[in-house]
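Data first, discussion second: the structure below is written as structure tokens.
Bear in mind the structure is a predicted one, so any value in this text is a computation, not a measurement. Note that these values count all heavy atoms, side chains included, but never hydrogens, waters or copies made by symmetry.
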Amino acid sequence: MKFDNTLKKKLLKKLKSYMNAEAEQIQQEDDGLSKVLKKLKKKEKHLESLIASERDKDEREMLEQELQVVHSQRKKGITLLSSVRKKGKK
Amino acid sequence: MKSTLHKIMLPAILLVLAYGFWVSPDFKEIAAGVAIFLFGMLSLEEGFKAFTGGILEKILKRTTNRLWKSVSFGILSTTIMQSSSLVSVITISFLGAGLIGLAQGVGIIFGANIGTTTGAWLVAGFGLKVKISAYAMPMLVFGVIMIFQKSRHIKGIGYVLTGLGFLFLGIHHMKEGFETFKSAIDLAEYAVTGYPGLFLFTAIGIFATVVMQSSHATLVLIITALAAQQISYENALALAIGANVGTTITAILGALSSNEVGKRLAGAHLIFNVTTGLIAIAFIHQLLVAVDLISAYVGIGETDYTLKLAVFHTLFNLIGVIVMIPFTNHLVVFLERVIKSEPDRYAQPKYLNEGSLEFGDTALEALRMETARVYGKATDVIAKGLSLNKEEILSDAKLKKVIAQHARAIDYDIDDVYEHEIKHLCSAILDYTNKLSSADPVIARQISRIRMANQSILIALKDVKHLQKNMKRYIASDNPEISAEYNRLRQRIAKVMRRLEKIRASGETSTTSILSLDALKLTLEKNMSLLHERMNELIRDGKVSAEMAISLMNDSNYTYSIIHNLIQINHNYLKSEEGGETEAEHMIALNREEIGTVLADDREITEYR
């Protein structure tokens, strides 16, 4: 019987989660953060395109402000993700 | 006066009914039919309530969260049940139990009108007639047995089955009662040509459907009369239009026992079917040509009027849905304005019940729903407290314009609503959270967040009450500077309410809702510092008196607190729905210091520009 790489990874991941509850929690945090970061990146791009097409000054200012917030959130998220991964390696 | 009238009315109605029963057995049958039907509606609603916060709600939310989905839901369910009336009354029960919103309900009704046309095809094409009323008795038997079971869900299913059984039984008795009238309907007697005939036959169609309690039965009658050449083809079309309008009677009857949301849905059903009927009458000649073209295209014979009738039925319902879809939101707003909610004095919790305390997840969902309900009421109070209208705040209209239109302050007793509606509900929620205390840290955290959300609601309302005093005095002041400042405060709160509503609306599709609140927090901080700068300028230049300045200073703090609490309510409410991603969002969300840093960066950028 041959296992392909993705299947192997999946099985190993499952085995790991059975063996270690802490590792599972770290994995969950990693997954959650990665997903949210992806969504934030998408949101950032969407906001950039909205700003480019917005003509109303007030509205553009608001969008720019939101972009700044999303940018800071991503920065914070990336830092958190790297620390979660470091914790996982230990 | 009102209570005296009420005391006289009830015995009078009972007496009239008793006399009617004595005089006419048919009247007795019809009245008993209506009573059984209404009892069925109550039972159905009770049954669906058992599923709030459970799987049915999740399925319904998922299958009706977009207009196209709710329309498809209506088409599919009506095609399966072969009764648009039944789908309408079940939808009214969903609404009454709070499982879906009015907009979704309207979508289902639109879909039901298309779904009902499949009946015409089955009758005309295959001579089929699905008769689900035959299941009434078994439904009642199974239903009652299930009601006596302990499990909440089995009990719920029992109530639903009993409700459906009673609905069918009620309709059956109404039909029986009307039997004598039915024999009086000889369509050939009324044959008239042209527009007078069109209107006359539409009216007959409405009457026949009300009498027979089924547009399907009317369609069968029409097809039979048409096949026997008792009536002309044009008259048959008019009858079909009438049947479509007449079928709304079941929903209207069903709404009698429902709350205002159910009544609104029945109103939507009536408006939709009447509008569709009027469109069909106005464009009858064009529709006839279209029916001929479609029939020729799909291979229906030129004289096969029964199938052509099915084409017509489908076509005009489709046109109706296409015409009405762009007006769905307007329709919802209109109905909410016309059919107002009864003043909810000493409001009772709608979703919290002792039974669901046993089920952690269901209880938590009930808490969330009750909190959302209180929040809905609170935002209404805040809007009125600001002498504004919530619907207008949440609309797409320019807020400056909305505020200009409400330049005059209105008298609104926040204390009264607070005492009789909000406080009672919030304390019920807090009581429930105490009973629900859980050892599971995740659930305990969620409960605590819901508690905090409710506390924020109470604080926000108290603040609006304080703000209202001076605001009423100053929004229409002779001093343009102070009125502009107070209107700006109103605008800020309204802007945040609108933004929060958008975030909440996207909550189901975007999981970054919690993070979207950070931008609002930043705007709040930024606006506050701008306000302080401008206030100093006004005082320095002597544009406002010292008394005005003190009021403005206090009220800007109240405004800050209202906005802060509105954000907090949503923050805690959103966070109470915990999952892997929500936890991650919680971790990423910026704290006050980090918001401060972004604000400082923003200032630097502005200065650099």
Residue pair A:Lys75, B:Glu594: steps toward the salt bridge (charged side-chain N to carboxylate O under 4.0 Å, His left out) verdict: CA-CA 11 Å; A:Lys75 237 163 88 178; B:Glu594 286 160 340; over 6 Å; no
Audit row: B:Leu515, A:Val70, side chain to side chain contact (heavy atoms under 4.5 Å, CB included) steps and yes/no: CA-CA 8 Å; B:Leu515 297 177; A:Val70 175; over 6 Å; no
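No more than 12 heavy-atom neighbours from other residues, nucleotides or ligands sit within 6.0 angstrom of CG on B:Asn329. Taking a 6.0 Å sphere around NE2 of B:His532, one finds it holds more than 12 heavy atoms contributed by other residues, nucleotides or ligands. More than 12 heavy-atom neighbours from other residues, nucleotides or ligands sit within 6.0 angstrom of NE2 on B:His406.
What you find for A:Leu33 and B:Ala584 is that their closest heavy atoms are N-CB, 3.6 Å. The minimum heavy-atom distance between B:Arg499 and A:Glu66, with the atom names listed, is NH2-OE2, 3.2 Å. In plain terms, the two heavy atoms of B:Ala589 and A:Lys76 that are nearest each other are O-NZ, 2.7 Å.
With sequence neighbours left out, the side chain to side chain contact (heavy atoms under 4.5 Å, CB included) criterion links A:Met62 to B:Lys495. Remark: A:Thr79 pairs with no residue by the side chain to side chain contact (heavy atoms under 4.5 Å, CB included) rule, at least two apart or across chains.
With a 4.5 Å cut-off on side-chain heavy atoms, A:Ser72 and B:Leu590 count as touching.
Taking CG of A:Leu37 as the start and CD1 of B:Ile588 as the end, the distance is 4.5 Å to the nearest 0.5 Å.
Side-chain polar atoms of A:Gln65 and B:Thr523 form a donor-acceptor pair below 3.5 angstrom.
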